[in-house]
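The chains referred to below are lettered A, B, ... by the order of the sequence lines, with proteins before strands, and numbering in each begins at 1. Hydrogens, waters and symmetry mates are skipped; everything else that's a heavy atom, side chains included, is used. Here the structure is a predicted model, which means the values were calculated and not measured.
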There are 2 protein chains.
Amino acid sequence: MPDDAGGRASTSRMRDVAQRAGVSPMTVSRALRDPSKVSEAVRRRVEEAVRAVGYVPNRLAGNLSSMRSNVVGLVVPGLDNSLYAPTIQGVSAVLRASGFQLMIGECGYSQEGEEALITAFLAQRVAGLMLHDTRHTALACEMIRRAGVPVVETGTIIPDPLDMVVSYSNHDAARAMVLHLHRLGYRRVAFVSLPAANNDRSRDRQRGYRAALAELRLEAEPRLMLEMPPGLAAGAEAVVRLVQGDAPPDAIFFAGDVLAAGALFECQRRGWPVPGKVALAAFDDIDMLRHVVPPITTLRLPRTGIGRRGAEVLLDRIEGRSRERVVVDLGFEIIQRDST
Amino acid sequence: MPDDAGGRASTSRMRDVAQRAGVSPMTVSRALRDPSKVSEAVRRRVEEAVRAVGYVPNRLAGNLSSMRSNVVGLVVPGLDNSLYAPTIQGVSAVLRASGFQLMIGECGYSQEGEEALITAFLAQRVAGLMLHDTRHTALACEMIRRAGVPVVETGTIIPDPLDMVVSYSNHDAARAMVLHLHRLGYRRVAFVSLPAANNDRSRDRQRGYRAALAELRLEAEPRLMLEMPPGLAAGAEAVVRLVQGDAPPDAIFFAGDVLAAGALFECQRRGWPVPGKVALAAFDDIDMLRHVVPPITTLRLPRTGIGRRGAEVLLDRIEGRSRERVVVDLGFEIIQRDST
DNA sequence: TTGTAAGCGTTATCAG
DNA sequence: CTGATAACGCTTACAA
């Protein structure tokens, strides 16, 4: 407790405001939450009293009493991954506009981590939950069901959501890019993704890649498929392994993180022309991909929109404006640039 | 409320657990928080009852009653800025290990935004506050003082903190880089930063630049100082303006965001050799700077450490292990690479 | 070791 | 429009 010297740390209650304004606490409560329910005179006296005593409402008490909550819990796989930033920002913007607070936690890409966070958020009695992953432990599902809390999953479109989904189809996006590369004339398209274990998005993308090959009556060659950890360095390693391997690809589709950029930087270092030696495509429209030389072909995903729309449908449910279990597919876009 | 079909959404209370275990609610409370205070037999019965009814403690009620809180509020200027990610992650890791929750908000680089968030967090009765900015509205300071909440500021080392500071000196870091460039032989070092209005970090860096020049008995030329918005595009624009201007610099120090990378990409596009045509230095050790061609000289800042250490000193105070108003300078490091 | 009583600071409800 | 009263679900303090 800093300084008891100047003004001691005292938190004033509604009661104090009431006394000072010469009304009952109940009237203060009303004046604060819906000024139209009290007389003009009282409203002003209360406002002044609030300022005078420096009153800050106690939402813990308010929430407990009203059995409502003004906080939403958001679980992301990893805070370090810059891909989640736009989504978080979208969520944050919408929540703030409605007077909600955002509680955030990272599950570390594990279902157990997610379960722990869900438990913690439920204990805080959050009004709603946003989950990036779409696979959960049985206990997590059970707890959510019992609590009756609305939930939005945002990682990828799935057929059997817990409740609501707002996302895009990782499967369709990956498939579309492979078809796009084929249309451009590439016949040996390699595929590099993040590890698919414990990651629905990666798995969906792999399935999309295979689906496209099947449609094109092309064989899925194991040596053209790689799983790499996230990071620029991994992308660099991947491009070297593929290009220097037997029967190298003419194009590489990097379905994750900044792998494609790492690969391009490696090509620059080695003097490999892109797309002359090998074409490169990426999965996310991060700013960097537009500025490197050459700019990299990629998918534009509705990251911010997922956050915004996700928060909106969640609030619609929380505030009783809707009872529907919506599934929103926000789509994607292919950005053709000079790397392919 | 999803599905009332299978099992209706009922939240069980401690009372229910107590009944089922054949003990009083108080005993359940004890069994849950400090199992050593109840008998072995009771502990087991309670545990089973908890599982049986799917009990999830209500921390709103708990916090209200105990007049303690297990949530910490964090205010960042912008969630989109990837620079804050490591700090947030550090905070998150430390808090989780202590059973604390993280409430997060973005103030949009404005003091008013920060004030609004502080008010909201105080209303949630957070146990502590972490602020990135080091300048605040008078009301914000007043509210924090009255609430008696411990606070950590993390943006830059300042002489008159609200309470505690954990950071590095932006002034010293900028100064050190300019001296470093001078030592390498560069005599006309330009300086590009983010707008300094409303940004203590930028201002500190500008002061550091000037301080270095003064020490070197060099004149601060206005045409060698630029303020640019964040982003790769701004860096590209800056390098062009400086290099094509009158009396161009031999080195450019980009003190913010990804400006330096944007500048390098522009040089690549134009075929300007770096550092042949102009040398480039950056301010933050983001992964990209190490992988581009050539790799860019920069400063390594203790981003994650600030989050971790900041959360630690905050928890020390919250949990009464310390009463000190610490100031922690985590320092910085110059990473010399091929761009200078 | 366990239980009882009295709040914590609000809001819902109902009466005036 | 305003106020009294009883929760909300838990913990503190004290008693048994």
message = Measure CG/B:Asn58 against C1'/D:dG9 and give the value in whole Å, please.
response = 6 Å
Please tabulate, for the side chains in residues 95-108 of chain A, all donor-acceptor contacts under 3.5 angstrom to protein atoms that are two or more places apart in sequence or on a different chain.
unit_1	atom_1	unit_2	atom_2	d
A:Arg96	NH1	B:Glu106	O	2.5
A:Glu106	OE1	A:Leu79	N	2.9

key: Pair listing, side-chain hydrogen bond (donor to acceptor under 3.5 Å, both in side chains) test, anchored in residues 38-61 of chain A, at least two apart   = A:Glu40-A:Arg43, A:Glu40-A:Arg44, A:Arg43-A:Glu47
remark   = Quick note, salt bridge (charged side-chain N to carboxylate O under 4.0 Å, His left out) partners involving residues 71-90 of chain A, not counting sequence neighbours, are none
task = For D:dG9, take OP1 and OP2 only and decide whether either is under 4.0 Å from a side-chain N or O of B:Tyr55.
result = no
request  = Extract, from 5' to 3' on DNA chain C, the first and final nucleotides lying under 4.0 angstrom from some heavy atom of chain B.
outcome  = C:dT1 to C:dG9
ask   = Nearest heavy-atom pair of A:Asp133 and A:Asp200: which atoms, and what distance?
value = C-OD2, 3.9 Å
request  = Let me know the distance between CZ of B:Arg15 and C1' of D:dA7, rounded to the nearest Å.
outcome  = 10 Å
Which pairs of donor and acceptor atoms, one on a side chain in residues 17-34 of chain B, lie under 3.5 Å apart (sequence neighbours left out)?
unit_1	atom_1	unit_2	atom_2	d
B:Ser24	OG	B:Met26	N	3.4
B:Ser24	OG	B:Thr27	N	3.4
B:Ser24	OG	B:Thr27	OG1	3.3
B:Asp34	OD1	B:Ser36	N	3.3
B:Asp34	OD1	B:Ser36	OG	2.8

task = List in chain and number order the residues that pass salt bridge (Lys or Arg N to Asp or Glu O under 4.0 Å) with A:Asp16, two or more places apart in sequence or in another chain; answer none if no residue qualifies.
result = A:Arg13
message = Give the residues of residues 39-46 of chain B touching DNA chain C, defined as any heavy atom closer than 4.0 Å, sorted by residue number.
response = B:Ser39, B:Val42
task = For residues A:Asp163 and A:Arg317, determine if any side-chain heavy atom of one lies less than 4.5 Å from a side-chain heavy atom of the other.
result = yes
request  = Write down the distance between CZ (B:Arg59) and P (D:dC10), rounded to a whole number of angstrom.
outcome  = 11 Å
inquiry  = Treating B:Ser66 as the side-chain partner and B:Gly62 as the backbone partner, does any N or O pair qualify as donor plus acceptor under 3.5 Å?
reply    = yes
request  = Could you list all the ring pair (Phe, Tyr, Trp, His ring centres under 6.0 Å) pairs where at least one residue sits in residues 65-94 of chain B, not counting sequence neighbours?
outcome  = B:Tyr84-B:His132
Would you give me the side-chain donor-acceptor pairs under 3.5 Å for residues 114-128 of chain B, sequence neighbours excluded?
unit_1	atom_1	unit_2	atom_2	d
B:Glu114	OE1	B:His136	ND1	2.7
B:Glu114	OE2	B:His136	ND1	3.1
B:Glu115	OE1	B:Thr137	OG1	2.6
B:Thr119	OG1	B:Glu115	O	2.7
B:Gln124	NE2	A:Asn70	OD1	2.7
B:Arg125	NH1	A:Val56	O	3.4
B:Arg125	NH1	A:Pro57	O	3.1
B:Arg125	NH1	B:Leu122	O	2.9
B:Arg125	NH2	A:Val56	O	2.9

task = Apply side chain to side chain contact (heavy atoms under 4.5 Å, CB included) to A:Asp316 and list each qualifying residue two or more places apart in sequence or on a separate chain.
result = A:Arg321, A:Ser322
key: Residue closer to the 5' end of DNA chain C, A:Val56 versus B:Gly22 (nearest nucleotide)   = B:Gly22
query = NA contact type, A:Ser36, heavy-atom cut-off 4.0 Å: base, sugar-phosphate, or nothing?
reply = sugar-phosphate
request  = Take the C1' atoms of the five end pairs on each side of the helix from C:dT1-D:dA16 to C:dG16-D:dC1, derive the two axes, and give their angle rounded to 10 degrees.
outcome  = 30°
inquiry  = Quick check: do B:Met130 and B:Leu314 have side-chain heavy atoms less than 4.5 Å from each other?
reply    = yes
key: Nucleotide-resolved protein contact map, nucleotides 11-16 of chain D, B/S/- at heavy-atom distance under 4.0 Å   = BB----
key: Heavy-atom side-chain proximity of B:Leu129 to B:Leu74 below 4.5 angstrom   = no
